[in-house]
Amino acid sequence: MNIIMLGAPGTGKGTIGAEICKHYNLTHLATGDIFRDEIKRQTELGKKANEYISKGQLVPDEITIAMVEGKLDKMDGVLLDGFPRTINQAESLKKYLAEHNKEITVVINLVVPDEDIIKRTVSRVICSNKECGASYNTIFMPPKVEGICDKCGSKLIKRADDNEETIKQRLAVYYKNTEPLINYYKNEGLLESVDINIYLPTTKEITTAKSIKIIENRLNN
Ligand code: ADP
Ligand code: ZN
């Protein structure tokens, strides 16, 4: 089974994706996490990626696609979180999967209003331990002990690109480059959307349960 998590920045792709991975024993491939690790280790790829990420822009397709395909070669049963983000990336992925006799099971599109996205990202903190990668929100989903990860006890840190200015830029990039993927995957018959807003119950557990139900329906049809 191969799942794609789609959605604007800060909609919960990583948080819900991690729960889905646990449930189905999938490998979580989060392009943003991989880039942040490369930046931390100051690799060539990291230095290049940081030029774009720090400005809220997308890392160029050729860099991103090569990186993802290099990882996919070693994986079976994967959840893609943050990839594809452009039509070009989606086309490359389609070709890659066809050549490897694999297919996408479903694309889960998380839908959150823009005002909520800004609130969620400015108050987001993430685990500094890359093996863990847990994400929290100091207002809506706080850790049990301030500044410490519930799951692994490591320090929580703020992402450099989670400031209001960069988030607005990332949202603009989302609407220009990534939102067209909604129609793309609708046409492929793969899209399923989950609405998350203040008028609906929005805990992580509820969104996870809705997503798993969607996957089960796909698997049984
Ligand atoms: P979020 O979903 O909160 O924006 P991510 O961790 O998925 O955060 O991504 C952080 C940044 O990494 C993006 O703003 C972008 O610069 C870069 N990035 C991640 N995935 C991709 C991708 N598939 N293509 C291009 N750039 C990417
Ligand atoms: Zn942790």
Side-chain angles (χ1 to χ4, degrees), residues 4-18 28-40 45-72 78-93 96 108-112 114 116-137 141 143-145 147-181:
I4 292 177
M5 298 303 289
L6 200 62
T11 48
K13 300 184 293 294
T15 305
I16 306 304
H28 193 164
L29 205 162
T31 42
D33 289 354
I34 299 170
F35 285 137
R36 279 186 287 282
D37 178 53
E38 298 278 341
I39 292 170
K40 197 165 144 194
L45 173 62
K47 284 179 202 160
K48 193 90 210 120
N50 195 39
E51 290 173 27
Y52 301 91
I53 294 179
S54 60
K55 294 185 207 134
Q57 293 165 0
L58 293 183
V59 178
D61 279 344
E62 61 276 19
I63 298 178
T64 308
I65 292 167
M67 180 190 81
V68 169
E69 292 188 352
K71 306 252 176 206
L72 282 179
V78 55
L79 178 137
L80 293 171
D81 161 9
F83 183 93
R85 253 181 162 92
T86 64
I87 294 281
N88 189 19
Q89 291 179 11
E91 290 285 358
S92 297
L93 178 66
Y96 176 92
I108 298 182
N109 177 38
L110 302 179
V111 186
V112 174
D114 284 1
D116 293 357
I117 286 178
I118 294 175
K119 282 185 218 146
R120 287 162 74 125
T121 35
V122 292
S123 49
R124 167 160 68 185
V125 284
I126 61 167
C127 182
S128 56
N129 167 12
K130 79 157 174 139
E131 307 305 327
C132 173
S135 175
Y136 301 84
N137 183 294
M141 209 173 71
K144 293 195 184 85
V145 180
I148 302 293
C149 178
D150 290 354
K151 288 192 186 142
C152 76
S154 301
K155 241 179 85 182
L156 298 177
I157 51 171
K158 188 134 186 63
R159 271 172 53 174
D161 62 347
D162 276 346
N163 60 75
E164 190 160 344
E165 194 189 337
T166 313
I167 293 155
K168 285 187 175 153
Q169 171 62 24
R170 279 155 60 202
L171 264 178
V173 166
Y174 166 78
Y175 280 111
K176 181 163 180 279
N177 298 290
T178 310
E179 201 205 30
L181 289 178

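Quick note: residue numbers are just sequence positions, from 1. We count ligands from 1, going down the list as the structure has it; atoms in each ligand are counted the same way.
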Quiz prompt | Minimum non-hydrogen distance to atom 2 (O) of ligand 1, winning option of Arg159, Met67, Lys13, Gln57 | solution = Lys13

Self-check item: Among Thr31, Thr178, Asp61, side chain to side chain donor-acceptor pair (under 3.5 Å) partner for Gln89
Solution: Asp61

Quiz prompt | Protein heavy-atom partner closest to atom 3 (O) of ligand 1 - residue, atom, separation in Å | solution = Arg124 NH2, 2.8 Å

Exercise. State whether the shortest distance between N or O atoms of Tyr52 and N or O atoms of ligand 1 falls below 3.5 angstrom.
Key: no

Practice problem: Indicate yes or no: does Asp37 engage Lys40 in a salt bridge with an N to O separation below 4.0 Å. | Solution: no

Quiz item: What angle, in degrees and rounded to 10°, do you get at the Zn ion (ligand 2) when you join it to SG of Cys152 and to SG of Cys149?
Solution: 110°

Practice problem: Could you find the nearest protein heavy atom to atom 19 (C) of ligand 1 and give me its residue, atom name and distance? | Solution: Arg85 NH1, 3.4 Å

Practice problem: For the pair Thr166 (side chain) and Asp162 (backbone), establish whether a donor and an acceptor sit closer than 3.5 Å, ignoring hydrogens and angles. | Solution: no

Self-check item: N or O pair under 3.5 Å between Asp81 and ligand 1
Solution: no

Practice problem: Compute the minimum heavy-atom distance from Phe35 to ligand 1 and say whether it is under 4.0 Å. | Solution: yes

Quiz item: What's the shortest distance from atom 26 (N) of ligand 1 to any protein heavy atom, and which residue and atom give it?
Solution: Val59 N, 3.0 Å

Quiz prompt | Protein heavy-atom partner closest to atom 23 (N) of ligand 1 - residue, atom, separation in Å | solution = Gly82 O, 2.8 Å

Practice problem: Please test Asn137 against Ser123 for side chain to side chain donor-acceptor pair (under 3.5 Å), starting from the C-alpha separation and ending with a verdict. | Solution: CA-CA 5 Å; Asn137 183 294; Ser123 49; 3.1 Å; yes

Quiz item: Which atoms of ligand 1 sit under 4.0 Å from any heavy atom of Arg36?
Solution: 6 (O), 10 (C)

Practice problem: Check ligand 1 against Gly10 and write out every atom of the ligand that is under 4.0 Å from a heavy-atom position of the residue. | Solution: 3 (O)

Practice problem: Within a distance under 4.0 Å of any heavy atom of Gln89, pick out the atoms of ligand 1 and give their elements. | Solution: 22 (C), 23 (N), 24 (N), 25 (C)

Quiz item: How far apart are the C-alpha atoms of Tyr174 and Asp114, what are their side-chain angles, what is the distance that settles it, and do they pass the side chain to side chain donor-acceptor pair (under 3.5 Å) test?
Solution: CA-CA 11 Å; Tyr174 166 78; Asp114 284 1; over 6 Å; no

Quiz item: Looking at atom 20 (N) of ligand 1, what's its closest protein heavy atom, distance included?
Solution: Thr31 OG1, 2.8 Å

Quiz item: Hey, what do you get for NZ (Lys158) to OG1 (Thr121), rounding to the nearest 0.5 Å?
Solution: 7.5 Å

Quiz item: So does Asp33 pair up with Lys130, basic N to acidic O under 4.0 Å?
Solution: no

Self-check item: Donor-acceptor contact below 3.5 Å, side chain Asp150 vs main chain Lys144
Solution: yes

Quiz item: What residue and heavy atom of the protein are closest to atom 17 (C) of ligand 1, and at what distance?
Solution: Ile53 CG1, 3.8 Å

Self-check item: Which atom of Ala134 lies closest to which atom of Lys151, heavy atoms considered
Solution: CB-NZ, 4.1 Å

Self-check item: Atom pair CG (Leu80) and CZ (Arg85), whose distance is rounded to the nearest 0.5 Å
Solution: 12.0 Å

Exercise. Below 4.0 angstrom from a heavy atom of Thr64, which ligand 1 atoms are there? Numbered from 1 as shown, please.
Key: 22 (C), 23 (N), 24 (N), 25 (C)

Quiz item: So is Gly56 close enough to ligand 1, meaning a heavy atom under 4.0 angstrom away?
Solution: no

